[in-house]
Amino acid sequence: MPATTQPTSDTTSFDVEAFRAQFPALQQEVYEDTPLVYLDNAATSQKPDAVIERAERYYRRENSNVHRGVHRLSQDATEAYESARKSIARFINAPAPEQVIYTKGTTEGLNLVANTFGQKRVGAGDEILLTEMEHHSNIVPWQMLAEQVGAEIRVLPVTDRGVLQMDRLAEYLTEDTALVAVTHVSNTLGTINPVKDLIDAAHAVDVPVVVDGAQSAPHLPVDVQALDADFFVFSGHKMFGPTGIGILYGKREHLEAMPPYQGGGDMIDRVSFDETTYDAPPHKFEAGTPHIEGAIGLGAAAEFIMDLEWSAVQAHEDDVLAYATEQVRAIDGIRLIGTAPEKTSVLSFVFEDIHPYDAGTFLDRLGIAVRTGHHCTQPLLKRYGLPGTIRASFAAYNTRADANRLAEGLHRTREMLG
Ligand code: PLP
């Protein structure tokens, strides 16, 4: 059945039109009056008025450095910066705001853990367990660490459908495993991984687990205490927040025992030329002037998400993903990549006879923004024997109408380029 004859109205109670209206970038037209369909949310999401206005207010009214000044503006900026930390702690149910460390993003959070905790924890002959579906930022820092200390990288494989082979975990979680690093949700396949099961299995043999939450924080309720994650990292810009800001959550005992990542101002207790002592977490890990408006904007994004009725949003997101999946699956010559039973927000596929890059460029001229390529998961794409995929990734503001525009665009792509 052609995509256009399918119903366009969403079937859940979430008022998606009122929600969409809060995102100015979604209201624009591209290429001669073509309304934008934004389906590149796994790369970065659009920002709502609440976040844009909060960051703007900082620059208009509060701009000042934090933790340093006795004057009014510095106190206002510090108050906003630290209150954002409390919002983010609530967002992930961290036991205390001191366990929430501002970073540049997921990538920096993972590098921080590898270079501090990892350096102390992993030694010669040890193994670091990753999975086949990791983003490069959850591979390369561990490879660099393994090279430095003489450790080995092990990789838990995925099935053809894109599910972690948990039944083979015993082969990979061995007495030599020193650390596990795993993505909560795959940015290429959309698979939701059973991270709680992995964490429980790893903890049963005293192995700590680092969770890459870049793709889960925007779509799943995250509870770091229920997960019992040792570390959980994510990026602000994928969850309606600013770019250049992210979060590293860590268990208190780890953060206290870890050496600092960078030295400089704002992370010290006392400095002399003979010796320097460090401040407690989180400041120990936040050297230098931070991304103040980013942190404040991320706090606003966390509050914005916490104000939503999450179960209704999730039902809406699931509905749009399932609907889009059926529309795209029905198109001749298309093969879906990643059909795990537990999925969120990502629809990856290939045309048998059209290069993903050509399809992406053609879709762009129709006003449809998708991502093409390896999505920073080259080992995963190699496993599927592909140079890349076309990836449509959804956020809460996307609709069945967006899915219909995508399907129509793909029909036209096939007609024109196939
Ligand atoms: N991990 C996953 C699963 C991702 O999808 C991404 C970004 O696409 C990252 C890590 C890296 O995030 P950032 O570039 O914000 O540091």
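Every number for a ligand or one of its atoms is a count from 1 in the order of the listing.
Among Lys104, His135, His237, His375, the residue whose heavy atom lies closest to atom 4 (C) of ligand 1 is His135.
Counting heavy atoms under 4.0 Å from ligand 1, residue Lys238 touches it through the side chain alone. With a 4.0 Å heavy-atom cut-off, ligand 1 is reached by the backbone of Thr106 and by its side chain too. Only the side chain of Asp212 comes within contact range of ligand 1, with a heavy atom under 4.0 Å; no backbone atom does.
Cation-pi geometry between Arg412 and Phe362 is not satisfied (NZ or CZ under 6.0 Å from the ring centre, within 45° of the ring normal).
Near Ser235, the atoms of ligand 1 lying under 4.0 angstrom from a non-hydrogen atom of the residue are 12 (O), 13 (P), 15 (O), 16 (O). Distances below 4.0 Å separate heavy atoms of Thr183 from the following atoms of ligand 1: 3 (C).
Scanning all protein heavy atoms for the shortest distance to atom 16 (O) of ligand 1 gives Thr107 OG1, 2.6 Å. Counting protein heavy atoms only, atom 5 (O) of ligand 1 is closest to Gln215 NE2, 2.7 Å. Closest to atom 10 (C) of ligand 1, if we only count protein heavy atoms, is Ser137 OG, 3.1 Å.
Aromatic pair Phe23/Tyr38: ring centres not closer than 6.0 Å. Remark: aromatic rings of Phe285 and Tyr261 are distant, center separation not under 6.0 Å.
Taking 4.0 Å as the cut-off between side-chain N and carboxylate O, Glu53 and Arg57 do not count as a salt-bridged pair.
Checked against side chain to side chain donor-acceptor pair (under 3.5 Å), Tyr278 has no partners two or more places apart in sequence or in another chain.
Aromatic ring orientation, Phe234 versus Phe91: tilted (interplanar angle from 30° to 60°).
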